[in-house]
Amino acid sequence: MAKQNVAEQFVGILVRAGVRRMYGVVGDSLNPVVDAIRRTDGIEWIQVRHEETAAFAAGAEAQITGRLAACAGSCGPGNLHLINGLYDAQRSMAPVLALASHIPSGEIGLGYFQETHPDQLFRECSHYSELISNPQQMPRLLQSAVQHAIGRSGVSVVALPGDIAARPAPDKAVEHALVTARPTVRPGDDEIEKLVRLVDEAQRVTLFCGSGTAGAHAEVMEFAGRVKAPVGHALRGKEWIQYDNPYDVGMSGLLGYGAAYEATHECDLLILLGTDFPYNSFLPDDVKIVQVDIRPEHLGRRSQLDLAVWGDVRETLRVVNARVKAKTDRRFLDRMLTKHADALEGVVKAYTRKVEKHTPIHPEYVASVLDELADEDAVFTVDTGMCNVWAARYLSPNGKRRIIGSFSHGSMANALPQAIGAQFTDRSRQVVSMSGDGGFSMLMGDFLTLVQYELPVKVVLFNNSSLGMVELEMLVSGLPSYGTRNKNPDFAAIARAAGAYGVRVVKPKQLSGALKDAFRHPGPALVDVVTDPAALSIPPKISAEMVTGFALSASKIVLDGGVGRMIQMARSNLRNMPRP
């Protein structure tokens, strides 16, 4: 029996750690590892057209499954292309193992062809980045990398020279039991008692929720009900906390809507649950603030805290709900629910009148129809920019749907690559890429990956021939838009030429039928929707500086954006208020 080499040992450990596929582009220094994957059951090599796509796809797979995912790049430029997607995975807390293949070990440090130092390059976007320079480091180094990625929910990078990968694995190498799941963390009794005391003493409590509330919907609803608290959320908290929520007051931040801003500023105790919300200008500085987070390094880095609680949101609230006193005064909650409904009523009219006749098509209308037609358990991947706005305001979470984007890193071109990773986890589940024309064209080559693997991803392209969010930023700064216009082709024709289903939509009455036909198509499909480049979104609170910027840039502009089916939920919450 032939002796196992380092590459085979490497791949075997990944399989034991739960990795099902590795995304990447083949290359000489990677050949031993790719060949080992070819000969190993339980893992497959996924060939993409750009390594950035590989990293984004792995990050999306990790977010969908909760398991470790993997990507790889060949030496030098190959693995360097991974870095943007790895930054996104790291900031999204997605467990990803990246293999950065390296030049021949004897040439490192001598300016060899394609030489970089990946173990140094990736340190800022990873929890662990190390070089295997000797077979004797295996398997301990890789096992440590796996446990860093899983245990700290982020990226680990292993740099492996091709010649080392091809060498025999060390005899009697110790392969220990791998940690493949994270434990829950319960705060200490002292922190719990302090939190309960603050809640009991407060008259007006508001909850602001992020992605750390995943799996804690029931506990958050019970807590809000006991203390009569309005519940707002950040964008990454939307999918976990907005649905079946009688206390919902919307979202705060640059893409916000509703009364979340007012609720966080008019309370006397604000509780931040599982959120690393980056925009501290939207958070109050004159109320008591408690933060609960599984990551202690997140505590207090956005706001001055009165209490920092290190723990899992679900486990924390399970204990708190049993101890906190139930409040009976609903006046603050009901006032915020009324403000929320009034705010949505005020903006919903802007894009509900004659939208079926407006051309170019309102992007809000596209998002609204998409929300209604998509499956109940659809996965949406969302490009950074205006697509973020339409997703935030129109996609209706229900506890089954997933919404994935580059919400913390803010990269362009993320939606299509993330859709690839999401679709590979389950070919029968509907995956919809909400792509902007700028982001889609940036990594458009990997539309061919959909065709090559017959992945049934549906790309809904919001094609306004511009970088819409950048134009908005220029307007806010008082600058005329410049360098933001795209001269686009017929993307549907390109899709058809590639062997996929493609249709172009220019009139609103064509939209519903085009989406239904694309969703019924068994393979990859692209719906190129020509949308209105003048459609803009404004934050829920506008500063004097922002107003001045708009006045300098434009004399007439629509400041309101629609909010889709959220108005229905807000109205229902008002109807459900207890009456005297």
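Fair warning: this is a prediction, and the values are worked out from it, not measured in the lab. Count residues from 1 along the sequence.
Counted within 6.0 Å of CD on Glu297, heavy atoms from surrounding residues, nucleotides or ligands total more than 12; the atom is thus considered enclosed. Other residues, nucleotides and ligands place more than 12 heavy atoms under 6.0 Å from the CH2 atom of Trp45. In the displayed structure, Glu193 atom CD is contacted under 6.0 Å by more than 12 heavy atoms of other residues, nucleotides or ligands. Residue-environment remark: CG (Asp41) stays at or below the threshold of 12 foreign heavy atoms within 6.0 Å.
The minimum heavy-atom distance between Ser433 and Ala419, with the atom names listed, is CB-CB, 4.0 Å. In terms of heavy-atom proximity, Ala89 sits nearest to Val96 at CB-CG2, 3.9 Å. Closest of all the heavy-atom pairs between Ser303 and Leu283 is OG-CD1, 3.3 Å. Nearest heavy atoms, Asp437 versus Ser441: O-OG, 2.8 Å. The shortest non-hydrogen separation linking Ala149 to Pro95 is O-CB, 3.5 Å. Between Leu198 and Leu269, the closest heavy-atom pair is O-CD2, 3.6 Å.
Salt bridge absent: Asp276 and Arg236 never bring a charged side-chain N and a carboxylate O closer than 4.0 Å. A salt bridge links Asp371 with Arg401: the closest approach of a Lys/Arg side-chain nitrogen to an acidic carboxylate oxygen falls below 4.0 angstrom.
Interatomic distance, Asn321 CG to Arg226 CZ, rounded to the nearest 0.5 Å: 6.5 Å. In this structure, CD1 on Ile271 lies 11.0 Å from CD1 on Ile289, to the nearest 0.5 angstrom. Distance OG1/Thr184 to CD1/Ile294: 7.5 Å, rounded to 0.5 Å. Taking CG from Leu273 and CH2 from Trp240, the interatomic distance works out to 15.5 Å, rounded to the nearest 0.5 Å. Atoms OH and CE, on Tyr394 and Met434 in that order, are 11.0 Å from each other to the nearest 0.5 Å. Interatomic distance, His148 NE2 to Ser153 OG, rounded to the nearest 0.5 Å: 13.0 Å.
A distance-only check finds a donor-acceptor pair linking the side chain of Gln291 to the backbone of His298 [under 3.5 Å]. Although no hydrogens or angles enter the test, the distance criterion places no donor-acceptor pair under 3.5 Å between the side chain of Ser144 and the main chain of Leu141. In terms of modelled atom types and a separation under 3.5 Å, the side chain of Asn79 and the main chain of Ser101 share a donor-acceptor contact. The backbone N or O of Val309 sits nowhere less than 3.5 Å from a side-chain atom of Glu191 that would complete a donor-acceptor pair. Using modelled atom types, no side-chain atom of Gln90 and backbone atom of Met93 make a donor-acceptor pair closer than 3.5 Å. Here the side chain of Arg123 pairs a donor or acceptor atom with the backbone of Asp119 at under 3.5 angstrom. Distance alone, capped at 3.5 Å, is enough to place a donor-acceptor pair between the Thr206 side chain and the Ala263 backbone. Counting only distance, with no hydrogens or angles, the side chain of Asp383 and the backbone of Gly436 share a donor-acceptor pair below 3.5 Å. The backbone N or O of Phe122 sits nowhere less than 3.5 Å from a side-chain atom of Ser129 that would complete a donor-acceptor pair. In this structure, the side chain of Lys238 does not engage the main chain of Pro397 through any donor-acceptor pair within 3.5 Å.
Ring geometry for Phe282 versus Tyr261: interplanar angle over 60°, hence perpendicular rather than tilted (30 to 60°). In this structure, His340 and Tyr257 have tilted ring planes: the angle between them lies in the 30° to 60° band.
Looking at heavy atoms from C-beta onward, Leu272 lies out of side-chain contact with Arg302 at the 4.5 angstrom threshold. Annotation: side chain of Asp285 is not in contact with side chain of Gln304 (no heavy-atom distance under 4.5 Å). Between Leu370 and Phe380, the closest side-chain pair of non-hydrogen atoms falls below 4.5 Å. Within the 4.5 Å cutoff, the side chain of Val313 has no heavy atoms near those of the Glu219 side chain. Between Thr384 and His409, every side-chain heavy-atom pair lies at or beyond the 4.5 Å cut-off. Two residues are said to be in side-chain contact when any heavy atoms from C-beta on lie closer than 4.5 Å; Tyr243 and Lys400 fail this criterion. Cys71 places a side-chain heavy atom less than 4.5 Å from the side chain of Leu82. No side-chain heavy atom of Val25 sits less than 4.5 Å from a side-chain heavy atom of His81.
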Discussion item. Test side-chain contact (heavy atoms from CB on, under 4.5 Å) on Met251 and Leu235; report intermediate values, then the result.
Written reply: CA-CA 7 Å; Met251 189 171 84; Leu235 178 55; 4.0 Å; yes
Item to complete: Take His102 and Ile164, measure what side-chain contact (heavy atoms from CB on, under 4.5 Å) needs, and give me the verdict at the end.
Response: CA-CA 9 Å; His102 207 353; Ile164 299 293; over 6 Å; no
Item to complete: Any chance you could lay out the side-chain contact (heavy atoms from CB on, under 4.5 Å) test for Asn245 and Met221, step after step, and finish with the verdict?
Response: CA-CA 7 Å; Asn245 182 353; Met221 293 303 104; 3.5 Å; yes
Worksheet item: Between Ser411 and Asn84, is a side-chain hydrogen bond (donor to acceptor under 3.5 Å, both in side chains) present by the stated rule, with each step listed?
Response: CA-CA 8 Å; Ser411 172; Asn84 193 47; 2.7 Å; yes
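Checked by atom type, the side-chain pair Ser406/Asn414 shows no donor-acceptor distance below 3.5 Å.
Residue Glu61 forms a salt bridge (charged side-chain N to carboxylate O under 4.0 Å, His left out) with just one option from Arg21, Arg20, Arg402, and that option is Arg21.
In this view, Tyr453 and Phe424 satisfy the ring pair (Phe, Tyr, Trp, His ring centres under 6.0 Å) rule, not counting sequence neighbours.
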